[in-house]
2 protein chains.
Amino acid sequence: MPRKKTEHPAPALAKAAAPVRQAPDKAKTINDIARLAEVSKKTVSRVINHSPLVHQETRERVEAVMRQFNYTPDPFARGLAFRRSFLIGMVYDNPTAQYIVNMQYGALDAIRDSGFELVVHPCDSRNPGYIDGVHRFVQQQKLHGVMLVPRVSEDQALADMLADIGCRYSRIASVSLDEASRMVITHDRDGAAEAADYLQSLGHRDIALITGPSSYRSAHERTAGFVEALSKRGIELPAARIVEAGYTFESGVAAAERLLSGNQRPSAIFAGNDEMAAGVYKVALRAGISIPQQLSVVGFDDSPLASRLWPALSSVRLPVRDMGRIAASMLLQSEPGAASVASASVRPHLVVRDSCQPPAY
Amino acid sequence: MPRKKTEHPAPALAKAAAPVRQAPDKAKTINDIARLAEVSKKTVSRVINHSPLVHQETRERVEAVMRQFNYTPDPFARGLAFRRSFLIGMVYDNPTAQYIVNMQYGALDAIRDSGFELVVHPCDSRNPGYIDGVHRFVQQQKLHGVMLVPRVSEDQALADMLADIGCRYSRIASVSLDEASRMVITHDRDGAAEAADYLQSLGHRDIALITGPSSYRSAHERTAGFVEALSKRGIELPAARIVEAGYTFESGVAAAERLLSGNQRPSAIFAGNDEMAAGVYKVALRAGISIPQQLSVVGFDDSPLASRLWPALSSVRLPVRDMGRIAASMLLQSEPGAASVASASVRPHLVVRDSCQPPAY
DNA sequence: CTGAAAGCGCTTACAG
DNA sequence: CTGAAAGCGCTTACAG
């Protein structure tokens with residue numbers, strides 16, 4: 001009922017329309033809380049920031065009021081005063097989608113209910129200006145910290161830049177590249193060794209390896225772990241059984257073609273990631289080589305692909321979500337200077353499916 | 001060299017250590033720019049916000065100074081004063097990883113160099129509290145706007161909540177669900193029709209369909225588009241040839257088992273997404289039914305999986321990155337109230353690979 | 001077209 | 001343990 005039509009509005013009705021003259025649900029500010037809790041805004045600020053310099057009773061009174069009005073401090077006001085934000089950046093360079101998404105879920109696990117949010121920043125490390133791009137991103141948004149995902153996490157120049165401008169960061173990598181408080185180490189080497197042990201234990205002796213690009217630390221580690229573990233068990237890989245590829249499906253196809261074309265085929269292939277393992281599947285299927293009867297295959301990453309191939313691919317799994325969670329929580333815990341004691345570490349493990357069996361000699 | 005140890009520090013040296021008494025590279029503020037350009041800070045503010053109320057000469061002088069000192073306004077100060085941020089939220093509910101990542105790339109394409117950043121917010125729409133979660137997210141961060149990705153984009157209650165609190169949003173969906181200025185329409189129906197026409201043109205007559213869950217709008221559209229297109233060409237799908245599954249690999253396997261177990265097999269199967277199509281591959285491979293010789297298969301999504309299966313899967317592609325770019329740019333362009341004229345629209349198309357051929361009757 | 005004042009909601013630095 | 005003042009870097013509302 002439009003107001004204008006009521007020629008003589010009853011005062012009572014008018015009052016009901018705007019009861020108690022209280023802004024409907026305007027967000028409370030620190031001043032409101034201070035007034036309602038009968039303290040100064042500075043004391044409320046201390047409670048917000050968990051300062052020990054507040055009397056227990058005072059703290060409880062303030063917290064009760066905050067809870068009652070569902071108060072949360074304005075991140076922009078805090079950001080302005082603190083000169084830094086409550087934003088965590090995730091910087092990455094085009095690994096596979098599932099990896100990125102799992103990593104994001106992990107980071108979000110860590111910051112849930114902390115008042116922090118996740119800002120994503122994919123970049124292209126082949127572009128020489130990409131470090132400047134990250135620099136601008138960090139400065140502009142006054143990021144609380146950034147997580148560096150492989151492969152950008154391996155770029156020392158990036159880490160140096162962040163250290164220079166005093167931005168906290170955490171790096172996820174297959175080996176330690178920095179002080180412990182900044183590293184989440186994934187030990188890819190151990191995962192590759194487990195794959196090697198598995199194939200050897202099945203009875204394979206003529207084994208081939210498709211590696212990722214040697215410029216990738218993870219590829220180097222996976223290769224070294226695999227070769228060393230076999231060597232420990234008395235199997236030396238001849239150079240012809242090691243083919244370097246590019247971590248892509250197509251490069252895996254090309255590598256598998258080389259490996260499977262001769263008349264002396266290996267009985268098993270370990271691929272440095274699942275994409276390349278899928279390439280092996282394609283070549284084998286096309287050539288009528290049946291997996292696992294005539295060829296065993298192991299991948300790395302345990303991507304969604306692994307369980308969708310047929311036969312399902314055995315693959316080394318990295319706990320990506322955990323890695324993301326740990327990398328993000330390192331940023332929340334540590335003060336910029338303070339070094340935490342323990343270095344974070346995570347272990348890969350082999351997920352056995354249907355792509356391997358003893359060789360048919 | 002610690003200062004205390006130098007008993008008589010040479011004044012000249014001390015001066016060299018802090019040359020010209022100018023803060024090394026402290027970020028300039030609006031006040032610095034105002035002083036250097038010899039205008040008031042308000043005028044600088046006008047230039048920043050592209051106000052027309054600035055003399056051309058003045059504007060150029062201010063812009064020159066801003067450029068010279070590489071000045072960008074502090075997003076927190078602006079956020080505080082404006083009461084809203086320069087953050088775009090992306091809200092989504094667990095579709096596949098590649099979809100999410102492509103969507104993120106698209107959104108980032110749109111906001112590049114705009115001063116906006118992308119904040120991700122995955123959520124679980126089966127959780128009844130998820131709308132409150134989005135509410136808090138939006139209010140807390142004072143988001144400039146949010147993009148709603150399927151399937152949360154289909155939830156009218158979510159859209160209503162956002163409209164209620166005056167938050168701008170854009171919705172990506174297979175059909176129009178809202179005013180044109182807020183929709184990116186993907187026309188899944190047309191893509192499914194193209195798949196139907198393709199199979200029919202190859203000569204298939206006994207065709208089966210594995211649909212996604214009927215509660216998904218996209219599944220409904222894909223099914224309708226496929227069935228109608230076949231009907232137009234004189235092929236009616238009997239009920240037994242339509243199996244509802246859950247958009248997952250496993251559900252695709254189960255559906256394919258039903259479809260391929262009888263002795264009267266269809267000669268072609270259209271799956272509502274690639275995950276389920278991969279399930280068809282698994283069943284066919286296991287049963288010794290060769291693709292495409294004995295069975296043609298078409299998927300939907302053109303996920304990475306499609307080209308990694310063997311034979312490579314023909315699949316309907318949605319321009320996901322474009323969808324993300326358009327959805328994000330809609331948020332940047334429009335003022336909260338202003339309705340843009342055209343509705344955004346995007347078309348799927350069939351990517352033909354090696355999974356289909358004429359039936360072997 | 002331009003500017004001086006007040007304010008956004010917090011914090012730091014200083015007192016007590 | 002608590003508080004009054006000043007300030008973070010912008011904008012709005014008001015003048016001119």
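All heavy atoms count here, side chains included; hydrogens, waters and symmetry mates do not. All values reported here derive from a predicted model rather than from experimental measurement. A, B, ... follow the sequence lines: proteins, then strands. Residue 1 opens every chain.
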Can you tell me the distance, in whole Å, between the [atom1] atom of [X] and the [atom2] atom of [N]?
X       : N      : atom1 : atom2 : answer
A:Arg46 : C:dT12 : CZ    : P     : 10 Å
A:Asp32 : C:dC8  : CG    : C1'   : 13 Å
A:Glu57 : D:dT2  : CD    : C1'   : 14 Å
A:Ile48 : C:dT12 : CD1   : C1'   : 14 Å
B:Lys41 : C:dG3  : NZ    : C1'   : 11 Å
B:Ile30 : C:dG7  : CD1   : C1'   : 15 Å
A:Phe86 : C:dT11 : CZ    : C1'   : 10 Å

Pairs under 3.5 angstrom only: tabulate donor-acceptor contacts from the side chains of residues 72-80 of chain A to other protein residues two or more places apart or in another chain.
unit_1  : atom_1 : unit_2   : atom_2 : d
A:Thr72 : OG1    : B:Gln140 : OE1    : 2.8
A:Asp74 : OD1    : A:Phe76  : N      : 2.5
A:Asp74 : OD1    : A:Ala77  : N      : 2.9
A:Asp74 : OD2    : B:Lys142 : NZ     : 2.4
A:Arg78 : NH2    : A:Asn49  : OD1    : 2.5

My understanding is that a pair needs two contacts under 3.5 Å, Watson-Crick or G-U wobble. By that rule, which nucleotide pairs with D:dA4? none
So what's D:dA13 paired with, Watson-Crick or G-U wobble, going by both distances under 3.5 Å? none
Closest to the [X] side chain: [options]?
X       : options               : value
A:Phe82 : C:dC10, C:dC1, C:dT12 : C:dT12
B:Leu53 : C:dT2, C:dC8, D:dA4   : C:dT2
A:Lys42 : C:dC1, C:dC8, D:dG3   : D:dG3
B:Ser40 : D:dG9, D:dC10, C:dG3  : C:dG3
B:Val39 : D:dT2, C:dG3, C:dC8   : C:dG3

Base, sugar-phosphate, or nothing for B:Pro75, non-hydrogen atoms under 4.0 angstrom? nothing
For B:Asn31, answer base if it contacts any base atom (sugar-phosphate contacts may also be present), sugar-phosphate if it contacts only those atoms, and nothing otherwise; contact means non-hydrogen atoms under 4.0 Å. nothing
Using only modelled atom types and a 3.5 angstrom limit, is any donor from either the side chain of B:Arg83 or the base of D:dT11 paired with an acceptor on the other? no
